[in-house]
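A quick write-up on the structure given underneath.
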Amino acid sequence: MSGVRVRFAPSPTGYLHIGNVRTALFNHLFAACSGGELILRIENTDRERSKSEYAEQILNDLRWLGIRWQEGPDIGGPYGPYRQSERMQHYRETAEKFIREGKAYYCFCSQEELETIKRAAQAKGLPPKYNGRCRKLSREEVEQKRALGLKPSLRFKVEEGFLEFEDIIRGPVRFDMGLFGDFVILRPDGVPTFHLAVCVDDVLMRITHVIRGEDHLPNTPRHILLFRALGEAPPRFAHVSLIMGKGGEPLSKRLGAMSVEEYRKTGYLPEAVDNYIALLGWAPGDNREIFSLAELEKVFSLSRVGKSPAVFDKEKLDWLSGEHIRALSHEAFVEKACDYLVSEGLMPAFARALPQNRLHEILLIFKDNILHFDALRDRLEIFNPEAENQDAEMLRAPQVPGILKILEEYFLSLAPGENADYEALNQKLKAAAVAKGKELFMPVRVALTFRAHGPELKKILPLLARELCLERIKKMKVA
RNA sequence: GGCCCCUUCGUCUAGUGGCCUAGGACGCCUGGUUCUCAGCCAGGUAACACGGGUUCGACUCCCGUAGGGGCUACCA
């Protein structure tokens with residue numbers, strides 16, 4: 001037991017995108033490689049934007065990626081509940097305690113007043129911090145205002161001075177707290193802000209390491225102050241850089257970042273997604289690139305996570321995805337391919353009618369050929385009796401009628417239900433000497449599969465029904 | 001505007017003062033695999049943002065500049 005406890009704490013205001021996933025994955029890998037525990041916590045203090053469907057989806061996405069947690073809203077645990085909306089009493093108690101201890105105070109400033117203060121400061125080139133106006137309010141003044149029905153928020157007192165901490169990824173970071181201003185920890189309706197909720201929960205849940213996005217770096221000094229006020233040593237922090245889109249723009253939800261759901265629908269293997277994301281900002285140090293989740297769990301190290309933001313590159317994901325698919329055993333490939341096609345409703349009718357082992361044989365010839373399972377939908381068309389000829393232009397060449405004739409003769413010579421023998425057909429074709437090389441094989445391929453591209457004919461022919469071949473040849477002759 | 005973070009091939013990265021005429025991978029290009037695409041194999045293309053220091057020596061350390069990003073909310 002290492003005693004390491006980390007958490008992934010998404011707010012259910014949208015789908016999980018690559019940035020979130022990476023934070024989740026790094027938390028998982030760090031917990032796994034240090035023998036610690038991962039806690040999943042739902043940060044839904046923003047009542048307006050949080051939706052339970054999103055929370056549900058997030059859990060599913062994480063499960064699909066193979067990320068496992070030891071405590072969470074779905075499985076409970078000794079430090080629950082794990083949804084912040086169910087932990088309000090903790091936050092309020094803490095807030096009250098801070099008031100009693102003089103660490104926080106009531107603030108009656110309106111939004112308009114705050115806006116004015118901010119603008120005034122900015123005009124002078126000063127940091128736009130709250131000026132602490134309500135800090136000086138006496139107990140009587142507070143009571144008076146409350147008697148008037150005014151609802152105050154609660155502000156945490158920030159004292160001047162420098163605050164320095166050691167970030168595991170970034171090294172020493174230093175902030176001038178004189179620039180921060182007192183910040184709100186409880187809204188007038190009694191709902192805590194993120195700062196309070198996070199710190200209270202991290203303490204109560206015994207979190208030892210906080211691994212989160214770099215966007216939280218400027219929040220960290222505030223949090224450290226809160227931890228101190230709670231009388232606890234702050235956890236260790238590790239701020240992971242953000243992921244950018246192609247072109248360097250931030251990869252945020254609104255800029256069309258793909259959700260995990262979409263990766264699943266495209267037919268990527270979860271391990272390929274994990275592998276790719278792990279490589280974004282982390283490198284093992286020896287030139288290895290292909291990892292299963294289990295392997296990552298063994299070799300991952302936070303100290304090897306880079307500081308600079310990384311650009312998401314779909315090309316490389318696709319390559320890795322292909323690698324993972326090719327590395328699958330035949331059985332695993334067939335199973336996953338079928339699962340994918342069925343669950344996405346993409347299993348074509350003709351394929352469903354096929355005997356199972358025949359379908360498996362067919363799927364297998366595409367194994368080394370696809371980057372993700374979604375591609376199967378199109379590749380399978382060469383076996384689909386309903387398919388249209390997409391590459392008929394290939395059959396314009398003068399030698400084509402001759403080739404078609406030989407093909408027809410050959411297939412007619414087979415018994416019903418008997419599929420072509422590649423070698424035999426090949427010999428017949430060559431003996432006729434109508435054409436050779438590309439001139440010969442492209443027309444043959446297109447006539448029999450209706451496609452200019454696909455696996456080797458040698459692999460296709462034994463699986464392609466005689467009757468379908470004859471039908472296609474006939475259609476070709478007419479056209 | 002203020003504060004903070006970041007900066008090696010187009011992209012992901014290795015590199016922690018001499019091993020670097022900078023390594024690997026994706027992509028791209030060329031050739032091979034005597035049917036296509038893919039795959040595979042072989043080869044090629046391409047980078048230390050800039051300017052000052054420190055040092056016998058800097059991609060590596062320090063300081064600036066520039067560029068990018070984050071935060072600056074009673075969002076997380």
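Chain identifiers are assigned alphabetically (A, B, ...) following the order of the sequence lines, protein sequences preceding nucleic acid strands; residue numbering begins at 1 within each chain.
As a whole-Å value, the separation of A:Lys118 NZ from B:C71 C1' is 12 Å. If you take CG of A:Leu179 and P of B:G2, they are 11 Å apart, rounded to a whole angstrom. Regarding A:Phe156, its CZ atom lies at a distance of 17 Å from the C1' atom of B:C74, rounded to whole Å. In this structure, NZ of A:Lys316 is placed 15 Å from P of B:G10, rounded to the nearest angstrom. Atom-to-atom, CG of A:Asp46 to C1' of B:C74 comes out at 11 Å; the value is rounded to the nearest Å. Atom pair A:Trp282:CH2 and B:A25:P shows a separation of 17 Å (rounding to whole Å applied). Atom NE2 in A:His239 sits about 13 Å away from atom C1' in B:A76, given to the nearest Å. Straight-line distance from the CZ atom of A:Phe291 to the P atom of B:C12: 18 Å, rounded to whole Å.
Of the listed nucleotides (B:G68, B:A76, B:C37), B:G68 has the atom at the smallest distance from the side chain of A:Met244. The side chain of A:Glu214 sits closest to B:C5 out of B:C74, B:G23, B:C5. The listed nucleotides are B:U7, B:G70, B:C74; the one nearest the side chain of A:Arg155 is B:C74. Taking the side chain of A:Asn369 as heavy atoms from C-beta on, and the options B:C6, B:C37, B:G27, the nearest nucleotide is B:C37. Closest contact between the side chain of A:Glu289 and the listed nucleotides B:A25, B:C35, B:C6 involves B:A25. Side chain of A:Arg445, nearest nucleotide from B:C12, B:C35, B:C5: B:C35. With B:A76, B:C5, B:A14 as the candidates, the nucleotide lying closest to the side chain of A:Glu43 is B:A76. Nearest nucleotide to the A:Pro128 side chain, out of B:G69, B:C4, B:G1: B:G1.
With no hydrogens or angles considered, a side-chain donor-acceptor pair links A:Asp201 and A:Tyr91 at under 3.5 Å. Side-chain N/O atoms of A:Glu113 and A:Ser110 include a donor and acceptor closer than 3.5 Å. A:Glu71 and A:Tyr82 share a donor-acceptor pair across their side chains, judged by distance under 3.5 Å alone.
Between A:Arg288 and A:Asp189, the residue anchored nearer the 5' end of RNA chain B, judged by the nucleotide with its closest heavy atom, is A:Arg288. With the nearest nucleotide of RNA chain B identified for both A:His453 and A:Leu279, A:Leu279 has the one nearer the 5' end.
B:U7 is paired with B:A66 under the criterion used here, namely a Watson-Crick or G-U wobble arrangement in which both key atom distances are under 3.5 Å. Remark: B:G17 base-pairs with no nucleotide; criterion is Watson-Crick or G-U wobble with both hydrogen-bond distances under 3.5 Å. Base-pair partner of B:G1: B:U72 (Watson-Crick or G-U wobble, both distances under 3.5 Å). Taking a pair to require two hydrogen-bonding distances under 3.5 Å in either a Watson-Crick or a G-U wobble arrangement, B:C61 pairs with B:G53. Pair assignment for B:G43 gives B:C29, based on Watson-Crick or G-U wobble hydrogen-bonding distances that are each under 3.5 Å. Nucleotide B:A38 has no partner under the Watson-Crick or G-U criteria, as no pair reaches both atom distances under 3.5 Å.
Ring centers of A:Phe175 and A:Phe162: at least 6.0 Å apart, outside the cut-off.
Nucleic acid contact class of A:Asp286 (heavy atoms, under 4.0 Å, all strands): none. Using a 4.0 Å heavy-atom distance criterion, A:Pro10 is classed as making no nucleic acid contact. Within 4.0 Å (heavy atoms only), A:Arg379 reaches no atom of the nucleic acid at all. Note on A:Gly454: a base of the nucleic acid sits closer than 4.0 angstrom, heavy atoms only. Residue A:Glu323 is in sugar-phosphate contact alone, with no base atom involved, counting any heavy-atom pair closer than 4.0 Å across all strands shown. Looking at heavy-atom distances under 4.0 Å, A:Glu439 makes no contact with the nucleic acid at all. If you check every strand for non-hydrogen atoms under 4.0 Å, A:Ala283 touches sugar and phosphate atoms only.
Taking 4.0 angstrom as the limit, A:Lys314 places none of its side-chain polar atoms (N or O) nearer than this to OP1 or OP2 of B:U11. OP1 or OP2 of B:C6 has at least one side-chain nitrogen or oxygen of A:Lys307 nearer than 4.0 Å. When the side-chain nitrogen and oxygen atoms of A:Thr193 are compared with OP1 and OP2 of B:A76, none of them lie within a distance under 4.0 Å. Checking the phosphate oxygens (OP1, OP2) of B:C40, a side-chain nitrogen or oxygen of A:Arg326 falls inside 4.0 Å.
Atom C1' of B:G27 sits at a distance of 30 Å from the matching atom of B:G70, rounded to the whole Å.
A donor-acceptor distance shorter than 3.5 angstrom exists from the side chain of A:Arg288 to the backbone of A:Ile290, with no hydrogens or angles considered. Side chain of A:Arg472 to backbone of A:Leu448: a donor-acceptor contact under 3.5 angstrom is found. A:Lys103 contributes no side-chain N or O that, together with a main-chain N or O of A:Leu230, makes up a donor-acceptor pair within less than 3.5 Å. Checking side-chain atoms of A:Asn419 against main-chain N and O of A:Pro462 turns up a donor-acceptor pair under 3.5 Å.
If you check distances only, the side chain of A:Asp215 never reaches the base of B:A76 with a donor-acceptor pair under 3.5 Å.
Using a 4.0 Å cut-off between a side-chain N of Lys or Arg and a carboxylate O of Asp or Glu, A:Arg92 and A:Glu96 do not qualify as a salt bridge.
Between A:His239 and the choices A:Asp167, A:Thr23, A:Asp215, the side chain to side chain donor-acceptor pair (under 3.5 Å) rule is met once, by A:Asp167.
Within residues 107-117 of chain A, the residues having any heavy atom closer than 4.0 Å to RNA chain B are, in order of number, A:Cys109, A:Gln111, A:Leu114.
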